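Not measured: the values here are computed from a predicted model.
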Amino acid sequence: MAWNSGVTHAQTVRSPDANSPVMSRSPDLDGVLFYQLLLAELQLLNSDPGAAYSLMLDAANRTQRAELYRRAVDIALQNRAGNAALSAAQDWARAFPASDEPLRYELQILLALNRPSDVTRALTRLIEMAPPERRNEVISAIPQALSRTSDRAAALQAARDALRTALRDRQTAGAAWAAIGRMEMNQQNLPAALQSARSGLQAQPDSVFAAALAVELFELGEAEAQSLVDSFLAQRITGDPNQRHTIHVAYIRTLLDNRQWRAAQGELDRLLAQQADHPEAWLLQGILQAQQRQPAEATRSLERFLALAASLPPDQAQIGRTQAYLQLAQIAEQQRDFEAASAWLDRIDNSEDLLFAQLRRASLLARQGQIAEARALIQRQPERHESDARRKLLAEAQMLREARAYAEALDVFTALAERFPHDPDIIYEQALAALKAGDFPLMESLLRGIMERHPDYYHAFNALGYSLADRNERLEEARELILKALAASPHDAHILDSLGWVEFRMGNKEEALRILRDAYQRMPDAEIAAHLGEVLWTLNQREDALVIWREGLLLDPENTTLVETLQRLKVQP
């Protein structure tokens, strides 16, 4: 047995601590046992952990005392003798078959030894021993427990073996399938994870564990997961409503991130009908209304959230308040009420959030034409982490782009890309900045570089395809690029907009109309409104076109594509 102790043999023997866990908790020790434990501790202090371990384990096996087994395991672990620690934990488990503590030690030791294939027994027993009301929690912790091992395939198989009984039990099937699916998701096997989520909800339709997995998969781009979440939420409420509402909120956030505004509004209406004072629902309602350019309604919803935020856990309330203050500041900024915007930002007092507040202040300055001052404010913000540097440069570049200082924005995006050369999101933004600056060859070069290095980054295919279509160049190639992007994200309204626009450029007006109607229904957006309106206009459906353009102007009166379309067609909607 190999021992690694930090004490050398030349060191003086020290007296063992009379208040050690073994000694202090055992006032009924007989003389022989007391002497054996004293000798074990002396051997340990005298740089002989192997002898100490042997004495302690022998005492544990003779007396069947849990604290002695624990001490033997600790001696082995402290001296990096993993196999010895495992042996002591297994002896402990045999001596106390009704205790989960030795099993937890055994599991952690096996994982530290990178032996995931051997954990099935410990996992199975831990699941069996958990009280019925906590069994799903134990099961759901398995992916995290096994995440440290390098042999993920063996870990997944061990989990499957340990969960065989749980998969057949209606009370645990959802959590068991979710645990398997989460491990598959962590291995980037999203189709398998999706099937596991589906199996979990088929076996246990009200499982919040399987539903949570489906939401995460939807967030990762698995469109079929959306129907699983919809089915879960369509059921009559069962179980803990707070858990269900947590799933619902996560789903709504994902819909908002995907800009599925109508679907998000429908889910918010459903959630608020179930719980009218749900704080996060009002926060999301305000964010959605702000996105749809409904400033008065958004302000009322966000203020309702602020009144309810105290009912949330402190950390969650703080994050929510910051989001609300930033959104309210942006609403005031859009209305050119810069004093009110600044007042909302003044209410952010958490040091972790001050950078966001200062970046919004810079935007306020830029909106008032003080570009140099805005840039200086951003640049002098401290950088505690590398992510702060990224955020500062990105905010500066976006602020310049919004101010239509396109050449300067490209310079900052280029500096950002040089600092973070392996970040495809940054290169993508640099490419869009190049387009705005009038450098189409640079944009195409950057996007093709992303396509080569990140073939699954479908935004690059869509951006190049749309740019070609908008320039009325290489339309067959543009259509092929857009279709590649659509294959990766078939319900993305922006990609559908690109496809509709290229069909229009190719003369397929009826097909363009069908596609653009679908895109606009999925996500009312000013740019999609510009394209849909133009197709309607050229098909002599001019009243319909005017209606769509008016809606687009309500959504975003400053949208460049919409404004330029109306100017080019000489239309006053």
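Under the 3.5 Å distance criterion, the side-chain polar atoms of S199 are matched with a main-chain donor or acceptor of Q195. At distances below 3.5 Å, not a single donor-acceptor pair connects side-chain atoms of Y251 with backbone N or O atoms of V229. One N or O on the side chain of S140 and one on the backbone of E137 form a donor-acceptor pair closer than 3.5 Å. Side chain of H454 to main chain of I450: no donor-acceptor pair is present (N/O by atom type, distance under 3.5 Å, no hydrogens or angles).
Ring planes of Y69 and W92: parallel class, angle under 30° (limits at 30 and 60°). Between H459 and Y428, the ring planes are tilted. Angles from 30° to 60° get that label.
Distance check: I252 CD1 to D257 CG gives 12.0 Å after rounding to the nearest 0.5 Å. Rounding to the nearest 0.5 Å places CE of M185 at 11.5 Å from CG of L194.
The existence of a salt bridge linking R62 and D58 is confirmed by a sub-4.0 Å separation between a basic side-chain nitrogen and an acidic carboxylate oxygen. Here R253 does not pair with E219 in a salt bridge; the nearest charged N to carboxylate O distance is not below 4.0 Å. Under 4.0 Å is where a charged nitrogen must lie from a carboxylate oxygen, and between R125 and E128 at least one such pair does. Checked for salt-bridge contact, R270 and E267 meet the test: a charged N lies under 4.0 Å from a carboxylate O. Electrostatic pairing of D74 and R71 does not count as a salt bridge here, judged by no charged N lying under 4.0 Å from a carboxylate O. Between D277 and R304, at least one side-chain N (NZ, or NE/NH1/NH2) sits under 4.0 Å from a carboxylate O, which counts as a salt bridge.
Checked against side-chain contact (heavy atoms from CB on, under 4.5 Å), A192 has the following partners two or more places apart in sequence or in another chain: E184, N189. Looking at residues two or more places apart in sequence or on another chain, you find a side-chain contact (heavy atoms from CB on, under 4.5 Å) between V208 and F232, Q243, I247.
Counting non-hydrogen atoms of other residues, nucleotides and ligands closer than 6.0 Å to CD of E101 gives a total above 12. For CD of E224, the number of neighbouring non-hydrogen atoms (other residues, nucleotides, ligands) closer than 6.0 Å is 12 at most. Annotation: E133, atom CD; neighbour count of heavy atoms from other residues, nucleotides and ligands within 6.0 Å is above 12. At most 12 non-hydrogen atoms from other residues, nucleotides or ligands lie less than 6.0 angstrom from CG of D315.
The side-chain hydrogen bond (donor to acceptor under 3.5 Å, both in side chains) pairs that include a residue from residues 163-180 are D161-R164, where partners are two or more places apart or lie in different chains.
Shortest non-hydrogen contact noted between A85 and V73 is O-CG2, 3.9 Å. The heavy-atom pair separating Q64 from A95 by the smallest distance is OE1-CB, 3.3 Å.
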